[in-house]
Amino acid sequence: MIPIIKKSLLNGIYKEIKKYDEIVIARHVGPDPDAICSQIALREAIKLTFPEKKVYAVGASVAKFKKFGNLNHINYNELNNPLLIVLDVPNLYRVDGIEGLKYKNILKIDHHPKEDIVGDVDWTDTEKSSTAQMIAELVLYSKLKFNQKIAENLFLGIVSDSERFSLKNTTYETFETVKELIKQSNIDFTSLYDSLYTRPFSEHKFIAFITNNLVINEHKLGYIKISDQDLKDFNVDVATPANLINGYNFIDELLVWVFITEDIKNDQYKISIRSRGPVINEIAHNYNGGGHKFASGARLKTMEEVDNLIKDLSKACQDYENK
Ligand code: AMP
């Protein structure tokens, strides 16, 4: 078995974890299966390896992700200079649930382009399919232990963020890592797909609604504005459109597509963008957002900003077609 990541990096991460009695593991707001599964898998791997350590996975709970494991709700005043591990998020303002936490060092593990978080120990690699792939490499190739449940969560995080190994971020290393995970843990991986892909019929009707109402312009930009009432009509939550957007990846008439969802609770529009060609994260950056080259997001306050974003994305499509 050939370690995929540098031995020195692995050792550095393992040593940093080993040093601390208390560890807090955080990830981004509005978590997806990659963020949650990575966080819970890493917490369990550290606890399995070092049973005496206190390890907490923090951030708001999401009801439909409880099946991956529970999060911890703790009083930060009781902690004494813990290590903060930040997973799957490059910007400090998007880290969920660390208000009031006084930490000693940051260990960052992430596959997004670098932003303002710089870990005292930092493993940022945009070539990885998912943060779960990175945690899987860590448990496979370092002294951290893992078990079947940990392997299941890591498998699910990888499958989810690579959209079943179909996105451009999937590499031979992704398969190598998954192969080792399955081989060493003997997980029944085909039965795990249920927990990612089984959904109520109302959600399928919502997919039909998106399909029927997606506006596609002459430059192959698709967009839909989803109101709070639409979410209520289909009994889905504000996070659902982002979970469905990858499903539009193989449509001839689309180069870039964007879902704009009214988020009444936070008085903003939640934007999800995907691309099959033009780089979109630089555009998202101009609109209080960011993300990967071909999968980005943003949060906007006004419909005027939304319309400007649509114009910029349309221009990017036009430029891409004229290249
Ligand atoms: P989503 O469409 O919500 O799945 O997000 C796609 C990608 O964009 C993810 O990698 C997110 O981390 C990133 N992203 C989403 N929203 C924002 C934001 N407001 N700021 C920076 N990055 C974001």
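The analysis underlying the following values was restricted to heavy atoms, covering all of them including side chains, and did not include hydrogens, waters or symmetry mates. Both counts, for ligands and for their atoms, begin at 1 and track the order of listing.
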For ligand 1, protein residues within the heavy-atom limit of under 4.0 Å are Tyr93, Arg94, His112, Ala242, Lys270, Ser272, Arg274, Asn288, Gly289, Gly290, Gly291, His292, Ala295, Ser296, Gly297, Ala298, Arg299
Only residue of Phe50, Tyr20, Tyr141, Trp123 satisfying ring pair (Phe, Tyr, Trp, His ring centres under 6.0 Å) with Tyr14 is Phe50
Sorted by chain and residue number, the salt bridge (Lys or Arg N to Asp or Glu O under 4.0 Å) partners of Glu305 (sequence neighbours excluded) come out as none
- With a 4.5 Å heavy-atom cut-off, do Phe155 and Ile187 have their side chains touching? yes
### Query
Could Arg199 and Phe206 be counted as a cation-pi pair, given that NZ or CZ must be under 6.0 Å from the ring centre and within 45° of the axis?
no
Shortest non-hydrogen pair, Cys37 vs Phe68, comes out as SG-CG, 3.7 Å
(message) Salt bridge check, Lys311 against Asp307: does any charged N sit closer than 4.0 Å to a carboxylate O?
(response) no
